[in-house]
**Student:** 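I have a structure I would like to understand better, so I am pasting it below and will then ask my questions one at a time.
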Amino acid sequence: MNLVEETLKDAPKTPVQKYTAKDFQSDQDVRWCPGCGDYSILAQVQRVMPDLNIPKHNMVFISGIGCSSRFPYYMDTYGFHGIHGRAPAIATGLKIARPDLSVWVATGDGDGLSIGGNHLIHICRRNLNVKILLFNNQIYGLTKGQYSPTSEFGKVTKSTPYGSVDHPFNPLLVALGAEASFVARTLDRDPKHLQFVIKRAAEHKGTAFIEIYQNCNVFNDGAFFTFTEKDTKDDNVVFIEHEKPLIFGKERDKGIRLEGFTPSVVSLTDGKYSVNDLIVHNEKDTMLSFILARMSSIPNLPRPVGVVYAVERPLYEAEMSRQIHQAIQKQGEGNLEKLLNYGETWVIN
Amino acid sequence: MNLVEETLKDAPKTPVQKYTAKDFQSDQDVRWCPGCGDYSILAQVQRVMPDLNIPKHNMVFISGIGCSSRFPYYMDTYGFHGIHGRAPAIATGLKIARPDLSVWVATGDGDGLSIGGNHLIHICRRNLNVKILLFNNQIYGLTKGQYSPTSEFGKVTKSTPYGSVDHPFNPLLVALGAEASFVARTLDRDPKHLQFVIKRAAEHKGTAFIEIYQNCNVFNDGAFFTFTEKDTKDDNVVFIEHEKPLIFGKERDKGIRLEGFTPSVVSLTDGKYSVNDLIVHNEKDTMLSFILARMSSIPNLPRPVGVVYAVERPLYEAEMSRQIHQAIQKQGEGNLEKLLNYGETWVIN
Amino acid sequence: MNKDLKNLDEVTIRFAGDSGDGMQLTGMQFTSTTALVGNDLSTLPDFPAEIRAPAGTTFGVSGFQIHFGSTEINTPGDMCDVLVAMNPAALKVNLRSLEDGGIIIANKDGFNEKNLKLAGYQSNPLEDGSLSKYQVHAVAITALTHNALADLGLSNKVIERCKNFFALGMMYWMFTRPLEPTIKWIQEKFKKTPELIEANTRVLKAGYAFGETTEIFAVRYQVKPAPLKPGRYRSITGNEALAWGLIAASVKSGLDLFLGSYPITPASDILHELSKHKNFRVKTFQAEDEIAGITSAIGASYGGAIGVTTTSGPGMALKTEALGLAVMLEVPVVVCNIQRGGPSTGLPTKTEQADLLQAVYGRNSEAPIPVIAANTPADCFFTAFESVKLALKYMTPVILLSDGYVANGAEPWLIPSVNSLPDIAPKFRTDPEGFYPYLRDEKTLARPWAIPGTPGLEHRIGGLEKQHITGNVSYDPENHEFMVKMRQAKVDRIADDIPLAQVEGDQKGDLLVVGWGGTYGAIKTAVDNKRREGRSVSHLHLKYLNPFQKNVGEILYNFKNILVPELNLGQLSKLLRAKYLVPTITLSKVQGLPFKSIEIENKIDELL
Amino acid sequence: MNKDLKNLDEVTIRFAGDSGDGMQLTGMQFTSTTALVGNDLSTLPDFPAEIRAPAGTTFGVSGFQIHFGSTEINTPGDMCDVLVAMNPAALKVNLRSLEDGGIIIANKDGFNEKNLKLAGYQSNPLEDGSLSKYQVHAVAITALTHNALADLGLSNKVIERCKNFFALGMMYWMFTRPLEPTIKWIQEKFKKTPELIEANTRVLKAGYAFGETTEIFAVRYQVKPAPLKPGRYRSITGNEALAWGLIAASVKSGLDLFLGSYPITPASDILHELSKHKNFRVKTFQAEDEIAGITSAIGASYGGAIGVTTTSGPGMALKTEALGLAVMLEVPVVVCNIQRGGPSTGLPTKTEQADLLQAVYGRNSEAPIPVIAANTPADCFFTAFESVKLALKYMTPVILLSDGYVANGAEPWLIPSVNSLPDIAPKFRTDPEGFYPYLRDEKTLARPWAIPGTPGLEHRIGGLEKQHITGNVSYDPENHEFMVKMRQAKVDRIADDIPLAQVEGDQKGDLLVVGWGGTYGAIKTAVDNKRREGRSVSHLHLKYLNPFQKNVGEILYNFKNILVPELNLGQLSKLLRAKYLVPTITLSKVQGLPFKSIEIENKIDELL
Ligand SMILES: Cc1ncc(C[n+]2csc(CCOP(=O)(O)OP(=O)(O)O)c2C)c(N)n1
Ligand SMILES: Cc1ncc(C[n+]2csc(CCOP(=O)(O)OP(=O)(O)O)c2C)c(N)n1
Ligand code: SF4
Ligand code: SF4
Ligand SMILES: [Mg+2]
Ligand SMILES: [Mg+2]
């Protein structure tokens, strides 16, 4: 037993009493702009946490820098406000050292995909059991309004008065390209769905990557209103669910069908196609996940929202612990005296 | 006209005389280990260059650090041996400043996908007209044999005496996830194919990402022999060509067929399937490119080699030049006097 | 009504309110008008760290300070004479920078229960007598604004947004400034919404009239024009000046400007500014991170552009490795570090001068880089220009140090004529005859700039040690030592090229105050004041931090004591002591705030 | 045959050949045997930069130098007495480090036309008289090896690979060392291929017999055992010792060791070594880059492990930003910088000491970090242990400086008993009562280590400036200054805790030679030699570079002159001058090579 185990041996492994959302509110004043989408994300996370059956002393939220990265301050768990882009690497170190903790990363489209892109894809490929909430507001909020790697081509911002000439990342595709084992998308303005997806991520064993569409009402107001507002949402979002066909529309009268690999919208009322012609979602289908992720780049298709991909594969930290366990089993607990005297030695009298 | 244009106005835009491969050999002794796969890559690049109709004074090879990154020293073009992982960023700056140059990046699996992963995905998304040769030997060569982000799970190396616990990247998938406009794979030991792919990349307008399987005979000998050696190659590699079915095998008696999205090997001789049942490659099909890229991760499938994906989309540097051009057209060439006196000024007598 | 008209030499005013109250705009209008009437001035905006803090809270207070006068003005003022406070939080935060006896103009309507509570007041300070040592004018600014606009049918929200102009109007009256410049500005700004022209103009005039007609202000002030050098002036912030200095160097040199940068406070505005000037062929690349920012700039320089990168704090730290590459490659890149409070993320919106030792020493191995610093907002223009000049002439990276205070501050600037700017005459190598990539110019020790595209000059460079002259990779021990010393010698040689350091004041004496960068104004003011009192004190301000100017040692030895005020724990001090073995006295302030000149004066008093 | 047996106090031998010739192995065997017979010794391998340079070229030469004696040995030797050269390139490269009159043992068979040409010789130096000032023994090593193995039916390739043992055998004879240890090693090493046991043993013996029986060597040497402290010894390299020191600290403290690292020469071997010791629960994480290396270590430390990162040159540069974070967070991480030649990629396989100023100053803003350096290979054990101890006690990042020379060099090490190692007794905070994340220990000023998983201690930390005690984000000016000074004070306070600096030699005198890190052996040898000549010279070697030990100033003031030999342009000098205002004389060497003691002796002569 090391000193950490020794020290924490009596700490409860499950919550002693049933938490409420309020238990997860820290004593810090929340300082996002009034109206910011971050508030809702915070509220939903705080609402979901009691359901996870994890004592809050075992939870850690780690972030980089950005408005979104202020998140840890507001959670009454352990919190670590890191440096720009490096949260996944900090989380990796912590999770390897302490597989017993529930480790969460809060990041932004700039933090996670611009400066931090490399750590993000590496944590995905390694598959540490860390949950990543990427607040995508398609803008740099904290630095007051430059375009981000998810901003649309041609976007006019402080740093691109003539419009940006950058082709944006598709965050889901980046995560899938790095072979993340869990990839999902949800919306700041859909509390239920947000809660659902967070819970699913928490249950997943492995790196869970969640893109959250988040409104920055100060520098990029309404970027996702088509997908989040009442009057347009139903016709522009398809909520995907495992083993369910892709149906959407205010009247649930439209669906997504594949022609070859190309998804297209079909009407379920004009007699041409029925529910049976539609894509049936399968979270474990790698290729389907690419098709769904790509849909955001194809005009006139609704935006898929939900758990796009979820498969299990070995956990990095578990494999590492296994190696250590095996080494100890085979060679015995390390003996310092033996180590220092290992190999060739000689005695001078 | 700026000083660069002024200075270079008389420089030939096409080669004055027909080059040979030898013209591209610099005066530096090549210092890779005898037998290293890098030699062949160098030779093929030198062989292809004369066909590109670009004067060598307009060519620049940029690299990071690694055995592979010594590449620029051996090319009798302009060469820039950068720092570890940053070649794509250096190339981006150069290409934006000088769209007239033919800019190439030579990188390794460590240089390009470990430390340099972020710059790599960002150059792909931005689509600068830069050619990237990634020498994948699934090992860190220059630092004498640690595993790399493409090394297989369980690999025993100097830094992983108990076997690595990292799930490797699939380089093609990473590039596709970043929406690279040209993605290909080729082999150090197949000179013709290597030449072909390099030429195709050179012709492509946009970022071209080429994964080259490269043997490190000192630290990872034979990593790709299944795919490169005579007796196994035909049965383990499928050479993909635009608009051609995926046939392979020593006797060209096998093919790849899709079941749903799942590729599988079928025999063309057992009467069950014919050529018409096979995947026909289409370089422009995004979804197909993912299926082909994913094949390397599926056991018992041959390795696809060739141009996996090639589409055109706007060039970053061209868009930027366009904005400048338009600004000048609209506002006239910048006038410093005017700038300094722009806006509110006042006179003190 | 006839009111007293008092003459003043100088005044400091601070406008303070909620982030949404338009205080920056108000301050800038007051500044423009004040400049137009011929005062010398200096300004300092003071942003909250939060983007939009909830209204009424102390951490959401936004301030703008202007110091103007009929004499030379070098700082935005230590303490204010007048504080305009739009709500209790603004009063609370800023009261400590108000002179005893100073004037408070408070928006009475903003001091409601909710706001008082948010600001943490138990009782209303406008009423509880706690402000008795100030001259308090509680004006119902909100109500008066409503009155003025009553018949226009505007929404409450729009009306509320105009109230800052009421305050501005009052101040224009109080300091006898004309309304016309601001009215013209309103007309331009709102040309698409005539109702806003009408509304803002009315409110501005209403504020002015309020001063004129009501009883509450007994006195009115006049600040005569300052004896400024004749010529055309403009107001300019440090970041603007820096951006323009780079553009000027581009125009003068005939080279395109390339900026590779990643946004970071307080440097982002340089990126914003430069990205506007595409017709100067300026190419701005918002990189994926700071490393790509500098390496892209190196790539661009290698290609024959002026490669520049701009950053601050953590961003500067990230550029460390690439700076070493630039040293090895000997390519001209300019790295602008707009210093902010640290360490780590620190105090992103606050100023500090604590990156000096990093700039001079902060790289692996011996990697000398020239370092120069900007003294004032307008001086950023010259400093940026000079940085490019040195970088091109010596084929070297150059670090330009500015800071949050200089970057965001503004001052009137005598617009230079383009012809008066020094020439920059870079040359690309074109002759293959006798070309070697590391064959140096005898005088400057610079290597040739041989850009890709030049027939016959194909060559290869990189971060490994290179052989003298040929530039080939070399592991030869003697060559390495030679090259290490060569790179150092090249930077040292710049000392022969730059003007000698100038002491302001006597050349010998009891005390020399040595500063660098943004402390210029505060030190100058302090030293001038003390000299006026007859003290034997002089001022040396170092723009060149590496190498030092040739006569710095000589100057130091001429004084009995050396005081070095710095916004750090004594970094310039360390450099001076190590180089000249002179004892120095450090006056250190690390509060995210600039020096007040009084702080320096007090220290001078203590020492003399 | 009866040959002369001469006694020697000390000898330096260099084995040199192609990268493939097994010179490192040969050298290490000679070292083991020499240690076993009780000599003191010091070794230095000398790798080529290329992985496998083409055979026969000068840049592919691999060398191994061993200096051993019956007296105290502190360096691998300035010049060698014996050079074993397996081919012309090996001769060419190493001749300049051979003493005049020294012995050359050359493999005559390696000096064929092709190899001569590859090495750039016009004629055969073994025959053209150009080596007349040395004692040249040209031995047909290859042929003799073939002869010895003629009847075994081995392939040419295998036979060729044995020839280094012939050379080793000859050297064993020449220096009267026993063959048994190596024979035992051969038996162990090749236990799966008995034919190789036979072959190598035969060749070894053949080499020995060759010395014994042929006429060419007239003399044989004996080097008596050194009066070493009694006890059990082992040979250890710097990187091994460093790794083991970390493990020892882990065992002693009861904390798991976490290494986050990215491979880089010459630091990679620490990663390799630590990754072997999984049964000590050591977790090694090969990160995607150096930034992930250190930030993962910070994450692990935050979680209650000993977070360590190891790197060199460009890698250290990349950690700059994260070091600032560690300063702000006040978490214990140990950053090991195995310095190499720079700047930039520089000379990756060569040694240098030029990262000192970077370690002390190289971060944005005021970010003080304790810096300690290893003096010798074995000292790396203690230094690593001490680094962890300080990091844990003061809750601070610590920078450990080693260098390529120390890292790859080896020396005999008196194995410490585990009980003799100092205790490390970290404590995690568990009591929620009165807990504040930045409430400090009064004595050390360390903040509490409150690891996730502890009920009731949930709290939040980060890189923004934090309020004293509560650790909440604070933009308060006074608090910032307070915290900046607090962080500095905490590091300064370490000076009260560490042992005083010890002068070797007299406490007062004409000349003090001050060094740090890997120059220890060369300086000690030089000073000892000069003291033996009666000169008034002493030696002060600084292990603690930040803060300096409390009595350093006092010591410096006791000497008339201060000489600081450094493998840089004078970095320690700058620190000493800035802090103590003492004039220093820098002896600088920046060649990628360690000092020879003679170089220091010459400088001492010049000064005395
Ligand atoms: C190394 C470094 N570079 C730059 C910055 C400045 N910076 C802070 S947040 C940010 C971008 C934030 O964008 P995003 O991650 O999308 O977060 P948001 O504010 O939009 O939630 C930048 C560039 C920094 N703090 N550190
Ligand atoms: C910043 C930095 N980190 C680490 C290194 C050490 N290093 C040099 S090359 C290399 C990896 C090379 O691997 P790869 O890119 O696959 O190239 P290869 O040698 O296999 O061709 C590393 C880690 C370095 N030079 N710079
Ligand atoms: S700037 Fe945008 S993202 Fe940041 S807090 Fe304000 S609204 Fe939210
Ligand atoms: S180490 Fe491997 S990759 Fe490097 S040169 Fe040698 S064989 Fe090639
Ligand atoms: Mg964002
Ligand atoms: Mg590799």
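Residue numbers start from 1 in every chain, and the chains themselves are labelled A, B, ... in the order their sequence lines are given, proteins ahead of strands.
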**Student:** Using a cut-off of under 4.5 Å on heavy-atom pairs, state which of G462(D), A226(D), G453(D) scores highest against chain A.
**Tutor:** G453(D)

**Student:** Contact between E240(D) and F381(D) at the side-chain level, heavy atoms closer than 4.5 Å - yes or no?
**Tutor:** no

**Student:** Determine the option with the most heavy-atom pairs under 4.5 angstrom with chain A, choosing from K278(D), H277(D), E321(D), R234(D).
**Tutor:** R234(D)

**Student:** Side chain, backbone, both or neither: which part of L421(D) has an atom under 4.5 Å from a heavy atom of chain A?
**Tutor:** side chain

**Student:** Let me know if Q28(A) has heavy atoms under 4.5 Å from chain D in its side chain, its backbone, both or neither.
**Tutor:** side chain

**Student:** Taking the six-membered ring for Trp, are the ring centroids of Y73(A) and F61(A) within less than 6.0 Å of each other?
**Tutor:** no

**Student:** Find out whether R70(A) and W32(A) are in side-chain contact, i.e. whether some heavy atom of one side chain is under 4.5 Å from a heavy atom of the other.
**Tutor:** yes

**Student:** What part of Y316(A) gets closer than 4.5 Å to chain D, counting heavy atoms only: side chain, backbone, both or neither?
**Tutor:** side chain

**Student:** Check whether S253(D) gets within reach of chain A through its side chain, its backbone, both or neither, counting any heavy atom under 4.5 Å.
**Tutor:** backbone

**Student:** Of all of E5(A), H325(A), R126(A), which one pairs up most often with chain D through heavy atoms under 4.5 Å apart?
**Tutor:** R126(A)

**Student:** What option among M75(A), H84(A), K13(A), Q329(A) has the most heavy-atom pairs under 4.5 Å with chain D?
**Tutor:** M75(A)

**Student:** Between M1(A) and chain D, which part of the residue has a heavy atom less than 4.5 Å away: side chain, backbone, both or neither?
**Tutor:** backbone

**Student:** What part of I294(D) gets within 4.5 angstrom of chain A, counting heavy atoms only: side chain, backbone, both, or neither?
**Tutor:** neither

**Student:** Below 4.5 Å from any heavy atom of chain D, which atoms of D100(A) appear? Answer side chain, backbone, both or neither.
**Tutor:** neither

**Student:** Does K224(D) NZ have over 12 foreign heavy atoms under 6.0 Å away?
**Tutor:** no

**Student:** Using a strict cut-off of less than 4.0 Å between a Lys/Arg side-chain nitrogen and an Asp/Glu carboxylate oxygen, indicate whether E344(A) and R232(D) qualify as a salt bridge.
**Tutor:** no

**Student:** Please check: side-chain N/O of S69(A) versus main-chain N/O of T107(A), any donor-acceptor pairing under 3.5 Å?
**Tutor:** no

**Student:** Is L101(A) close to chain D through its backbone or its side chain, or both, or neither, when contacts mean heavy atoms under 4.5 Å?
**Tutor:** side chain

**Student:** Please report whether the ring centroid of F135(A) lies less than 6.0 Å from that of F71(A).
**Tutor:** yes

**Student:** So which residue, N58(A), L340(A), V4(A), T7(A), ends up with the most heavy-atom pairs under 4.5 Å with chain D?
**Tutor:** L340(A)

**Student:** Using heavy-atom distances under 4.5 Å, tell me whether K229(D) contacts chain A through its side chain, its backbone, both, or neither.
**Tutor:** backbone

**Student:** Taking every heavy-atom pair that is under 4.5 Å apart, which of G85(A), G332(A), P55(A) has the most such pairs with chain D?
**Tutor:** G332(A)

**Student:** Can you confirm whether S235(D) sits close enough to W346(A) that some side-chain heavy atom of one is under 4.5 Å from a side-chain heavy atom of the other?
**Tutor:** yes

**Student:** Could you check which of N419(D), L329(D), L414(D), I291(D) has the highest count of heavy-atom pairs closer than 4.5 Å to chain A?
**Tutor:** I291(D)

**Student:** Side chain, backbone, both or neither: which part of P225(D) has a non-hydrogen atom closer than 4.5 Å to chain A?
**Tutor:** neither

**Student:** Please lay out, stage by stage, how Q29(D) and T182(D) fare under the test side-chain hydrogen bond (donor to acceptor under 3.5 Å, both in side chains).
**Tutor:** CA-CA 6 Å; Q29(D) 278 306 309; T182(D) 295; 2.9 Å; yes

**Student:** Provide the closest heavy-atom pair for R313(A) versus A178(A) in the form atom of the first, atom of the second, distance.
**Tutor:** NH2-O, 4.5 Å

**Student:** Just wondering, do Y302(D) and P452(D) contact through their side chains at under 4.5 Å, heavy atoms?
**Tutor:** yes

**Student:** Can you find a pair of side-chain heavy atoms, one from W185(D) and one from L25(D), that are under 4.5 Å apart?
**Tutor:** yes

**Student:** With a 4.5 angstrom heavy-atom cut-off, which part of Q326(A) approaches chain D: side chain, backbone, both or neither?
**Tutor:** neither

**Student:** For the interface with chain D, which of I65(A), I62(A), V16(A), I96(A) has the highest count of heavy-atom pairs at distances below 4.5 Å?
**Tutor:** I96(A)

**Student:** Which region of H119(A), side chain (C-beta onward) or backbone (N, CA, C, O), has a non-hydrogen atom less than 4.5 Å from a non-hydrogen atom of chain D, or is it both or neither?
**Tutor:** both

**Student:** Does any heavy atom of chain D fall under 4.5 Å from the side chain of S63(A), the backbone, both, or neither of them?
**Tutor:** neither

**Student:** Do D23(A) and D76(A) have side chains that get closer than 4.5 Å, going by heavy atoms?
**Tutor:** no

**Student:** Are F24(A) and Y19(A) close enough that their ring centres sit under 6.0 Å apart?
**Tutor:** yes

**Student:** Checking heavy atoms, do the side chain of H459(D), its backbone, both or neither come under 4.5 Å from chain A?
**Tutor:** both

**Student:** At a 4.5 Å cut-off on heavy atoms, which part of Y233(D) comes close to chain A: side chain, backbone, both, or neither?
**Tutor:** both

**Student:** Quick check on V251(D) against chain A: is it the side chain, the backbone, both or neither that has a heavy atom closer than 4.5 Å?
**Tutor:** side chain

**Student:** With a 4.5 angstrom heavy-atom cut-off, which part of L8(A) approaches chain D: side chain, backbone, both or neither?
**Tutor:** side chain

**Student:** So do H81(A) and R460(D) actually touch side chain to side chain, heavy atoms under 4.5 Å?
**Tutor:** no

**Student:** When you check the gap from the basic side-chain N to the acidic O, do K283(D) and D256(D) get nearer than 4.0 Å?
**Tutor:** no

**Student:** Can you tell which part of L228(D) gets under 4.5 Å to a heavy atom of chain A, answering side chain, backbone, both or neither?
**Tutor:** both

**Student:** Any non-hydrogen side-chain atom of L315(A) less than 4.5 Å from a side-chain atom of E319(A)?
**Tutor:** no

**Student:** Which bit of D289(D) comes within less than 4.5 Å of chain A, counting heavy atoms only: side chain, backbone, both or neither?
**Tutor:** side chain

**Student:** Flag the one option from G324(D), P416(D), S296(D), A305(D) with the top tally of heavy-atom pairs under 4.5 Å to chain A.
**Tutor:** S296(D)

**Student:** With a 4.5 angstrom heavy-atom cut-off, could you sort out which part of V60(A) is near chain D: side chain, backbone, both or neither?
**Tutor:** side chain

**Student:** Assess the residue pair K319(D) and T311(D) against the criterion (side-chain hydrogen bond (donor to acceptor under 3.5 Å, both in side chains)); give the C-alpha distance rounded to whole Å, side-chain angles, the decisive distance to 0.1 Å, and a yes or no.
**Tutor:** CA-CA 9 Å; K319(D) 294 184 196 290; T311(D) 192; 4.7 Å; no

**Student:** What part of T284(D) gets closer than 4.5 Å to chain A, counting heavy atoms only: side chain, backbone, both or neither?
**Tutor:** backbone

**Student:** Contact part of T430(D) toward chain A, heavy-atom cut-off under 4.5 Å: side chain, backbone, both or neither?
**Tutor:** side chain

**Student:** Is A322(D) close to chain A through its backbone or its side chain, or both, or neither, when contacts mean heavy atoms under 4.5 Å?
**Tutor:** both

